[in-house]
There are 2 protein chains.
Amino acid sequence: MILKNQVEWVLHCCAILAGLPKNHYLSTKALAEFHGVPKEYLSKALQSLSQAKIVETTLGPSGGYRLARPTEEITFLDIVEAVEGKGRTFVCNNIRQNNPCRSADHCDTKPCSVARIMWDADEAWRSKLRSVTLSDLVETLAQDVPAELWKSSFEWVMARA
Amino acid sequence: MILKNQVEWVLHCCAILAGLPKNHYLSTKALAEFHGVPKEYLSKALQSLSQAKIVETTLGPSGGYRLARPTEEITFLDIVEAVEGKGRTFVCNNIRQNNPCRSADHCDTKPCSVARIMWDADEAWRSKLRSVTLSDLVETLAQDVPAELWKSSFEWVMARA
DNA sequence: CTATTTAAGGATAATTATTATCCTTAAATA
DNA sequence: TATTTAAGGATAATAATTATCCTTAAATAG
């Protein structure tokens, strides 16, 4: 069970968009080139972000993407779910219904115990992702990325935004 | 990103094995029939449990599987990892290395910030699964499953164990 | 000793999900 | 008007999941 590589891509894209000055847009082309990923396929992932209202777009030259909300109001969960979907990692097929000892009219009152436990773990995962915002990420990156590289990357982006 | 259906199967199988008296084994055939799942494929999942030392086996008539440890010492994480592997759900391809502003000899000191956050969420998931044992599951099932069905299921199993 | 039952594991096939690529359309803009 | 862009449809390539079938060797019952 592995997340799509698009998740990694859009998280990094959002980090870049987070550093963009107001009223600037960055194109799929620039984002794909910056991260060294295929433009057409990245485009699909960015469309998912757009549908999820995490980014907004404009067309034409100097068009592209920008964040739709302040960085403090965009969580990792928002971004991950936009690409990966909101479904749970554990799907309960209710195999307890196949128990040969069950009467045909047996009716379950609660979800399966196994599923409840697995879903609790899912929720712990979600909860953790919900607790981290893009703002937090930018803060961490600002500390981790050498000042030199931080500056040149910003300039690279601004030459295209 | 969805867990294998084998995860659901083996969790239910372990619940059944947890109710087995000492020195009894239950075969793949019985477990597959009880849960209404394909015997051959379930067998692969049970082999994984065996390799993970969660269950132990014996051959021949009246052979099959039994738990290798007390129920309090088998966690959901043990079982899930046996089938699903121990890898993380987020794989970092380190796309920051593709940043065109990087000098060729640039060397990262820490793992990528994005990955660290995603891995924290993975760990929250694992941690939750590690906190629940087979013993806990059996306790919950004992409350959820009607006494009638509980009894008849036990008898069904014992007729084959 | 023999026939049967069983788990283990190899080989392979079918199905589904992921990872793309290409093309058309319509909007923005220079 | 020509160019640039996102959106979205269609399709293909690759990989993961979900099986099925077969052989081998160990345990056991007769």
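Chain identifiers are assigned alphabetically (A, B, ...) following the order of the sequence lines, protein sequences preceding nucleic acid strands; residue numbering begins at 1 within each chain. Just so it is clear, the model here is predicted, and its values are computed rather than measured.
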Tell me whether the OP1 or OP2 atom of [N] has a side-chain N or O from [X] closer than 4.0 Å.
X	N	value
B:Thr28	C:dA7	yes
B:Gln51	C:dG9	yes
A:Thr58	D:dT5	no
A:Ser50	D:dA6	no
B:Ser43	C:dA7	no
A:Tyr65	D:dA7	yes

Nearest whole angstrom, please: distance from the [atom2] of [N] to the [atom1] of [X].
X	N	atom1	atom2	answer
B:Lys29	C:dT4	NZ	C1'	13 Å
B:Glu56	C:dA8	CD	C1'	16 Å
B:Tyr25	D:dA27	OH	P	10 Å
B:Leu31	C:dT5	CG	P	18 Å
A:Leu49	D:dA6	CG	P	13 Å
B:Gln47	D:dA25	CD	P	16 Å
B:Leu59	D:dA27	CG	P	6 Å
B:Asn23	D:dT28	CG	C1'	16 Å

Flag for A:Ser152-A:Glu148: side-chain donor and acceptor within less than 3.5 Å: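 A:Ser152 and A:Glu148 do not have a side-chain donor-acceptor pair below 3.5 Å.
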Quick one: salt bridge (Lys or Arg N to Asp or Glu O under 4.0 Å) pairs with a partner in residues 110-125 of chain A, sequence neighbours left out?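 Matches after skipping sequence neighbours: A:Lys110-B:Asp144, A:Arg116-B:Asp144, A:Glu123-A:Arg130.
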Residue pair B:His35 / B:Ile16, side-chain heavy-atom distance below 4.5 Å: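 Contact flag for B:His35/B:Ile16 side chains = yes.
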Quick test of your reading of the model: are A:Lys39 and A:Glu33 salt-bridged, counting only N-O distances below 4.0 Å?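 Result for this pair is no, no salt bridge flagged.
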Tell me whether B:Asp78 is salt-bridged to B:Lys53, with the criterion being a basic N under 4.0 Å from an acidic carboxylate O.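 Looking at B:Lys53 together with B:Asp78, the answer is no, because their closest N to O distance does not fall below 4.0 Å.
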Verify same cluster id: A:Phe34, A:Leu26 (apolar side-chain graph, 4.5 Å):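 A:Phe34 clusters together with A:Leu26.
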Going hydrophobic residue to hydrophobic residue with side-chain gaps under 4.5 angstrom, can you get from B:Trp125 over to A:Ile2?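 In one cluster with B:Trp125: A:Ile2, no.
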Summarise protein proximity over nucleotides 16-22 of chain D in one line of letters, 5' to 3': B for base, S for sugar-phosphate only, - for none, counting protein heavy atoms closer than 4.0 Å. -SBBBBB
Heavy-atom count check: over 12 atoms from other residues, nucleotides or ligands less than 6.0 Å from A:Lys4 NZ?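 Atom NZ in A:Lys4 is packed in, count exceeds 12.
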Heavy-atom count around B:Glu56 CD within 6.0 Å, excluding the residue itself: above 12?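 More than 12 within 6.0 Å, yes.
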Which nucleotides of DNA chain D pair, in dot-bracket form (Watson-Crick or G-U under 3.5 Å, | meaning another strand): ||||||||||||||||||||||||||||||
